[in-house]
Amino acid sequence: MLPGFVMEAFQNDRGRFEGPLFKRRVIVLFSYTVRRLGSLIPVLLGMAFIVFMMIRAIPGNPAQVILGQQATEEAVAAMTKELGLDKPWFIQFWDYLSGLLKGDLGVSLKTNSPVSEEIGPYLMATIELALIAMIIAVVIGVNAGIVSAWFQNSWFDYVAMVIALIGLSMPIFWLGLMEQYIISIQWDLLPTTGRDNIRDPVEAITGLYLIDTLMAGRVDQFFEVIKHLILPGIALATIPMAIIARMTRSSMLEVMRSDFIRTARAKGMKMFWVVYKHSFKNALIPVVTVIGLQTGLLLGGAILTENIFGWPGIGTYIYDAILSRDYPVIQSGILVIAFLFVMINLVVDLLYAAIDPRIKYK
Amino acid sequence: MPEIATNTPPILPPKEAEEKVISPWKEGWKSFRKNKVAIVGLGIVSFFILIAIFAPVIAPYSFDGQKLSDKHLAPSAEHWFGTDEFGRDILSRVIYGSRISIGVGFLSVAGSVVVGSFLGIIAGYYGRWIDTIISRIFDIILAFPSILLAIAVVAVLGPSLRNALIAIAIVNVPIFGRLLRSRVLTVKEEEYVTAAKAIGMGDGRILLHHVLPNSLAPIIVQGTLAIATAIIECAALGFLGLGAQPPAPEWGKMLADSRAFIIQAPWTVLFPGLAIMLTVLGFNLMGDGLRDALDPRMKN
């Protein structure tokens, strides 16, 4: 649905991509994109600096802390050298940055292999989970919000908004545990942990098992993967779903008060179309912003969800690294998620600029 | 609100007319009181605060008294919420846990408010390069999903309740910093600030007497909502083993310790989670109500 909206913002009255207005919008959007990318650089640098500082900020001798109290002096000295802690900090930071630009995310202290190679499958697992969670959150949240606004002050409105408020206050790790207890253990409906049937795995090509199983032509495994996705997906979707529902409702209510909605209704248009076409289209902008913001936050929430459902994603990767004090993995894991977060926000901002013809960026 | 003052009949002597002026706070309370949902929130929050204060009086048992013969008892008249794997009374632990969660909530937000307000005011009032630097730092902190940054901070400082509190405070600083900065930018243009400058008031006094009081309402609203988030984050860190350490009855930690026994003793997982949810719900409801009452502009 979204691409249609994006397109429409650029079309003229006859639905063609031409004319002075189209040209101006393209120029405006282009210069906005360039400026937005420019302002990203200090933020990315700062992020890298914070992550870089993680090891250096460890109280005491970082190398000693990482290796533990029993470590020999030689081992500590070797670790200090390996982490580059013996050089001045700005040279260290420069090395770190130039490494990052070359795609060097450091070497795991536990497995001794480059983080950039290890992280791929974990990242794909998290992306798959986050995508499913976001689909659940958007489909249910947006529709609940629309119907709540449509039948404002009805029992549906009240129930939906109370559920949304509770969902907003829900510790997702607890919700996950309760899901496991009731649905998996008591009713035995869905699996408690993992991503697929581990006794009969499908070769990972993309890392997104939904696609991998289909590529391998294994429909049975495909449904197995879906089954594994449902519970963690719902747990992770809860908070964004609640926020999206609330935002959609309030945005819809505002739009539905406007004159053009009254006109549409006076024309005798069916209420369904008034709500879903005229109102929703105009209520979309704040909703898109919230959806984007929540997608980024989902990546943070994934740490907790993955921990509960034994999901082999980047959250689990970071969590295990914290337990074994594998700092390069913690650093890079956090940096990768934060980078994704920033990129998602960038895309949302650009989308926002593209779909609202009223916004002019000078 | 000025309309109220003009509503009073002009015949009244000025002194009496002055008394009819209702302060914005009183008016805020009046509209807050009418909001049933907000009152429910206030009720829940007060309930948990009272429990936290009077924990030693209310709790039937101590929070760390182990009695292995009473391991995993189901909820009963003696142990309303049952017992955990060490035979500790879960009700008592949940009651004592409210001290930790609410304490961390209030303290961390207080820390964020103080540091954030200070930085925000400086950035907004002095502008130029100071503003650029401070605002960029806020941008960078906000560029991390908050729970992730909190985890990073704790990973560096080492897991403990105190460090979890610091981490949560740090990630919330930009919220208040940005708030205060934008308030300062607005208030700075007001005529009474120009007037204050004209009569020779110093920067410090202007900030203290004009800018801060004018920013109190949004701080309170945002602060209440931030406490809710802080409580969840504290529980999340505890759950991951990065917050409170045993035998502290922290709700998130209780969940993490009991999850292995969820089949034999589901009540060990049920009640701490319910406590987190209710407390957070209370603060969220109250925050929503306060926002509607004190600062209608922030709505949406």
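Proteins get letters first, then strands, A, B, ... in listed order; numbering begins at 1 in each. Here the structure is a predicted model, which is why all the values come from computation and not from measurement. The basis for the numbers below is simple: all heavy atoms, side chains too, and nothing from hydrogens, waters or symmetry mates.
Annotation: side chain of B:F144 is not in contact with side chain of A:V342 (no heavy-atom distance under 4.5 Å). Considering only heavy atoms from C-beta on, B:I232 stays 4.5 Å or farther from A:M170 through its side chain. Two residues are said to be in side-chain contact when any heavy atoms from C-beta on lie closer than 4.5 Å; B:L142 and A:F341 fail this criterion. With a 4.5 Å cut-off on side-chain heavy atoms, B:L274 and A:W174 count as touching. With a 4.5 Å cut-off on side-chain heavy atoms, A:N307 and B:F239 count as touching.
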In sequence, state the C-alpha distance, the side-chain angles, and the governing distance for A:L165 and B:D288, and then conclude on side chain to side chain contact (heavy atoms under 4.5 Å, CB included).
CA-CA 10 Å; A:L165 255 169; B:D288 274 359; 4.2 Å; yes

Test side chain to side chain contact (heavy atoms under 4.5 Å, CB included) on B:V269 and A:Y181; report intermediate values, then the result.
CA-CA 10 Å; B:V269 179; A:Y181 179 67; over 6 Å; no

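Other residues, nucleotides and ligands contribute more than 12 heavy atoms inside 6.0 Å of the CZ atom of B:F271. For A:F339, the CZ atom is loosely surrounded, since the number of other residues' heavy atoms within 6.0 Å does not exceed 12.
Your options are B:G282, B:P266, B:G241, and the one with the most heavy-atom pairs under 4.5 Å with chain A is B:P266. By number of non-hydrogen pairs under 4.5 angstrom with chain B, the leading residue of A:I330, A:I50, A:V162 is A:I50. Here A:L304 is the residue among A:V51, A:L299, A:L304 with the most heavy-atom pairs under 4.5 Å with chain B. Most heavy-atom pairs under 4.5 Å with chain B: of the set A:I334, A:I337, A:I185, A:V43, this distinction falls to A:I334. Contacts with chain A were tallied for B:I147, B:L255, B:I276; B:L255 has the most, counting heavy-atom pairs under 4.5 Å.
With a 4.5 angstrom heavy-atom cutoff, A:R246 touches chain B only via side-chain atoms. Heavy atoms closer than 4.5 Å to chain A are found nowhere in B:A228, neither backbone nor side chain. Looking at A:Y327, the atoms closer than 4.5 Å to chain B (heavy atoms on both sides) all sit in the side chain, from C-beta outward. When heavy atoms are compared at a cutoff of 4.5 Å, A:I308 approaches chain B by way of both its backbone and its side chain.
Applying a 4.5 Å heavy-atom cutoff, the residues of residues 128-138 of chain B that approach chain A are B:R136.
Residues A:A338 and B:P145 approach most closely at CA-CD, 4.4 Å, considering heavy atoms. Contact record, B:M277 with A:I166: SD-CG2, 3.8 Å, taken as the closest heavy-atom pair. Of all the heavy atoms in A:L177 and B:R259, the pair that sits closest is CD2-CB, 3.8 Å. Of all heavy-atom pairs between A:P171 and B:G273, the closest is CG-O, 4.3 Å.
Distance check, rounded to the nearest 0.5 Å: CE of A:M47 to CG of B:L149 gives 10.5 Å.
Screening A:I318, A:I322, A:I303 for a side chain to side chain contact (heavy atoms under 4.5 Å, CB included) with B:L240, the sole residue that qualifies is A:I303.
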